[in-house]
Every structure is written in structure tokens, then in C-alpha cells.
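No hydrogens, no waters, no symmetry mates; every other heavy atom, side chains included, goes into these values. Everything numeric here is computed off the predicted structure, so don't read it as measured data.
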Amino acid sequence: MNAPEPKPQTKADEFSELLRCYGDMAYRMACQITGGREPEARDLVQDGFIKIWRYWRFHRPASFKGWMYRILHNLYMDALRRNARRPTVSLDGHADEGTPWEERLSDNTPGLPEGAERRELQQDVTRALERLDLEFRMPVVLCDMEGLSYDEIAQVMSCPVGTVRSRIHRGRMQLRALLGQYQTGRM
């Protein structure tokens, strides 16, 4: 007796697997792109996955992670251009702006003094990253936090590998300057 052949995965099954594997990573990247603005990051991830859903049957890239980052980056840049052309006023007010996005995310670090020190360092690094221009922040985050290769980053950012190397170097130098207090002790 032959074993039944497995059913081919449907588009919905494949997409569910993509969300499971890449959803958190996409959210982290969106938070970096938007400078930690959580509602904007959630919208960016949602729009990104909607776009991926629409084009999934036509385009299946070799590097999904790079493709996803490229989509998020393009959507963010499109939104910036759109918002620059037509200013808007929020009807929701500023209810969420009093609490930084880092505090709203769950934190699994220990409550011991070294855990507090680590959280403080993470907050300082996050604040320093937010102060970098997007052209430097994005390649540093993609390389040092998400582990993409220079070639993948060049594809995501649509620029030569030499430009990626330069931006990563300049971004790291700016981060060192912003975080100099850790070289000479806390301020």
C-alpha cells in the first residue's frame, strides 16, 4: 500500500509560513526605519505583507529577506514623499507619544542590576540609532542587527556595494561618537 502523496501547499499556507518566519524580523526593521514609531511601523509591516501577498505568485526571490526589506524601505520612502506633498493633522491626538516604543515592547531581561544596565545600554543604542540619518541607520541595522551581507544590503538599498561599505563605516563612526560615554565611562 502506497502512502498518500502530500497535498501541495496553497498560497495561503505558504504565506502563513512567511508571516511566521519573517513577521517579527519585518517589525524590527520597520521600527528601525520609522525611528521607533510603533503605529507607523505596524502599518508599514502590514502594507509590506499585503504587497508581498499580491505579487507572491509572480515573484519568488532567491533572498526573501532582502526582498522584504526592499519593499519596506520603498513603502516608507513613498510615504515620506506623499506626506511631504500633503501635510496631515492627526485626529487621534498624541495618546501614544508619551511612552517610548521600547517601553511598550515586552522585555524578557532579568531584573538584576546587570539586566538594568543592559536595558539602559539597549535604550542608549536605540536612541543613538534614531539620531542617525536613514541613509546610515538602515545599512548599519541591516548589517549589524539583521545579519545581511553587503551584497544583500546593496540590493535592498539599490546602491553599489562600495556605497554600502562607506555608509556602514560612516554610520558606525557616528554611533561611536554618540555612544562615546561607554568608552570613557557613563556621563
Is a side-chain N or O of R37 found less than 3.5 angstrom from the main chain of T34, in a donor-acceptor match?
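Flag set: sc R37 to bb T34 pair under 3.5 Å.
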Exam field: side chain Q174 to backbone G171, donor-acceptor pair closer than 3.5 Å:
no
Non-neighbouring partners of F136 that pass ring-ring contact (aromatic ring centres under 6.0 Å, His included), sequence neighbours left out:
none
Heavy-atom side-chain contact between [X] and [Y] under 4.5 Å:
X: M29; Y: M138; value: yes
X: R42; Y: Q46; value: no
X: W67; Y: I52; value: yes
X: R127; Y: R131; value: no
X: P139; Y: R170; value: no
X: L142; Y: E152; value: no
X: E40; Y: Y76; value: yes

Would M77 end up clustered with I71 when hydrophobic side chains under 4.5 Å apart are linked, directly or stepwise?
yes
When rounded to the nearest 0.5 angstrom, what is the spacing between CZ in F49 and OH in Y27?
13.5 Å
